[in-house]
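Have a look at the structure below before the remarks.
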Amino acid sequence: MNPKDVVITGIGVVSSLGLGVDAHWQALTGAAPKPVLDGERFAPYTVHPLPEIDWSTQIPKRGDQRQMETWQRLGTYTAGLALDDAGMKDDEALCASMDMVVAAGGGERDVNVDQDILDTSLTRNDHDVLLNEKLTTELRPTLFLAQLSNLLAGNISIVHKVTGSSRTFMGEEGAGVSAIETAAARIRSGQSSHLLVGAAFQTEHPDMLLAYELGRHLQRGGWSPLWQRSPEEGGGVITGSGAAFLVLESREHAQKRGRTAYAAVGPVASGRARRGGDGLQDALEEMVGRLLGGDAPMLAISGASGAHAVTKAEKAALDARGHVTARGFSSLTGHMKEAQFPFAVALAALAVHHGKAYPAFAESERPFEAAPSAALATAVGYNCFEGMGLVVKA
């Protein structure tokens, strides 16, 4: 054991399945896990909605809550769950010296202002003047019609007093992979002793769905299991609101404060394979081989999005190694964009910690009878970027 091993000592997770690690473990290890769905508000698209959340349990000041959109509240709330779980929430010295890496998008746009600009443009020809008028009267305090990506990290710093160095990555699933990869590298190099890393995604907003649908990625016609989605029903992606934050520490740092870890983060690999032909499948097979090496039974916590071509390529790459058994959690949580990879790592850590595999999340998934001592976490971007990480016993 190396004193600079990267161990996971705190997990915060939120999805349509519930709040926190216990709720998710119970929901996902039940006899027949079932998704929570909303097919009405955004028809013809289905989403996995957030559960009821009492924001004040992690964001006590009403003023702080009011100045955040749901995306920021969700991330700040979930970061608080992770800090609580790690036993750090009330330790000002630990939080003040804690570094942070966040994966984030651009936040929710002000749909009313967008609609006002479009409506007014139909009655005026001086569109340049119109835009200047709206930008001088309708801008948010963040100087832009959506939100700045680093506001999530900023609010976590304000609310939870996490005031070490801070980095924010953008780039959908790739941002989540880079966040975990960078956080682990900082601890292994000795640049950080303890670190908060994660992401949040709020899909219950028209502009969030629009970004997917412009690329024809969304599934229509209701829910179906991840691996069985048909091109006749659209692009295959069903989105979900959710977040995942992890507290990572060096083994030495965790031991000094007497903290037992869930699991350890092993090697993390990332890439940007060509998506034409068999390029992606070949790259994923190479990545799996590089991380796993041997042929011992391996549980894979797959963040596959449901997008047809890339999900097919990932399944083929995992199936090519007969000892790997996949669990596609998007069947039950929906696709959570930047939060996909942190969420996959969190679920992998829980399986390793409990020494118990998840039951099949869909009928086509094979049973896994062994007690997992390691699990592979994956996130293959529906558009670009792919990554995998090995989670092992601490």
Side-chain angles (χ1 to χ4, degrees), residues 101-105 169-185 197-199 201 211-212 215-217 226-227 229 235-240 242 244 246 265-293 298-321 324-331 333-349 365 374-391:
V101 184
V102 172
F169 288 90
M170 294 184 70
E172 299 176 347
E173 297 101 323
V177 174
S178 293
I180 298 288
E181 191 173 25
T182 300
V197 57
F201 178 63
Y212 284 91
R216 299 182 180 180
H217 295 297
L226 175 71
W227 310 109
R229 293 177 186 170
V237 178
I238 297 176
T239 60
L246 308 172
V265 179
V268 180
S270 61
R272 290 177 62 92
R274 293 183 180 275
R275 294 296 171 103
D278 294 328
L280 178 59
Q281 182 178 333
D282 291 344
L284 293 175
E285 287 184 13
E286 188 276 332
M287 196 178 285
V288 173
R290 188 176 1 135
L291 292 182
L292 298 190
M298 178 62 61
L299 182 69
I301 308 301
S302 169
S305 64
H308 299 302
V310 296
T311 299
K312 181 180 179 181
E314 179 179 346
K315 190 171 191 305
L318 295 175
D319 288 347
R321 303 182 71 89
V324 177
T325 301
R327 294 289 180 263
F329 64 86
S330 292
S331 281
T333 66
H335 183 252
M336 295 179 284
K337 227 170 191 176
E338 291 86 5
Q340 277 297 95
F341 192 62
F343 208 96
V345 172
L347 295 188
E365 294 180 349
L376 183 70
T378 79
V380 180
Y382 70 94
N383 185 44
C384 64
F385 210 101
E386 56 279 343
M388 297 181 184
L390 192 62
V391 178

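Residue numbers start at 1 and run along the sequence shown.
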Do you know the tightest heavy-atom contact between [X] and [Y]?
{"X": "Ala273", "Y": "Ala283", "value": "CB-CB, 3.5 Å"}
{"X": "Ala326", "Y": "Trp227", "value": "CB-CZ2, 4.3 Å"}
{"X": "Gly306", "Y": "Thr311", "value": "N-OG1, 2.9 Å"}
{"X": "Glu181", "Y": "Ser270", "value": "OE1-OG, 3.0 Å"}
{"X": "Leu390", "Y": "Ala374", "value": "CD1-CB, 4.4 Å"}
{"X": "Ala344", "Y": "Thr378", "value": "CB-O, 3.9 Å"}

Please step through side chain to side chain contact (heavy atoms under 4.5 Å, CB included) for the pair Glu386 and Val310, ending with a clear verdict. CA-CA 10 Å; Glu386 56 279 343; Val310 296; over 6 Å; no
Minimum side-chain heavy-atom gap [X]-[Y] below 4.5 Å:
{"X": "Phe329", "Y": "Met336", "result": "yes"}
{"X": "Val345", "Y": "Val268", "result": "no"}
{"X": "Val380", "Y": "Leu280", "result": "yes"}
{"X": "Ile180", "Y": "Leu246", "result": "yes"}

Tell me if a side-chain donor or acceptor on Gln340 pairs with a main-chain N or O of Gly176 at a distance below 3.5 Å.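 A pair under 3.5 Å: no.
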Between Ser302 and Gly328, is there a donor-acceptor pair closer than 3.5 Å when you use the side chain of the first and the backbone of the second?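 No.
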[atom1]/[X] to [atom2]/[Y] distance, rounded to the nearest 0.5 angstrom?
{"X": "Lys315", "Y": "Leu226", "atom1": "NZ", "atom2": "CG", "result": "10.0 Å"}
{"X": "Leu292", "Y": "Met298", "atom1": "CG", "atom2": "CE", "result": "5.0 Å"}
{"X": "Ser305", "Y": "Glu172", "atom1": "OG", "atom2": "CD", "result": "10.5 Å"}
{"X": "Lys337", "Y": "Thr239", "atom1": "NZ", "atom2": "OG1", "result": "9.0 Å"}
{"X": "Ile238", "Y": "His335", "atom1": "CD1", "atom2": "NE2", "result": "12.0 Å"}
{"X": "Arg272", "Y": "Cys384", "atom1": "CZ", "atom2": "SG", "result": "4.5 Å"}

For Ala175, check side-chain contact (heavy atoms from CB on, under 4.5 Å) against everything at least two apart and list the hits.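 Expected list: Ala103, Phe169, Glu338.
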Enumerate the residue pairs fulfilling salt bridge (charged side-chain N to carboxylate O under 4.0 Å, His left out) with a member in residues 282-291, sequence neighbours excluded, ordered by first and then second residue.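 Sorted pair list: Glu286-Arg290.
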Which residues pass the ring pair (Phe, Tyr, Trp, His ring centres under 6.0 Å) test with His217, sequence neighbours left out?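 Result, ring pair (Phe, Tyr, Trp, His ring centres under 6.0 Å) vs His217: Tyr382.
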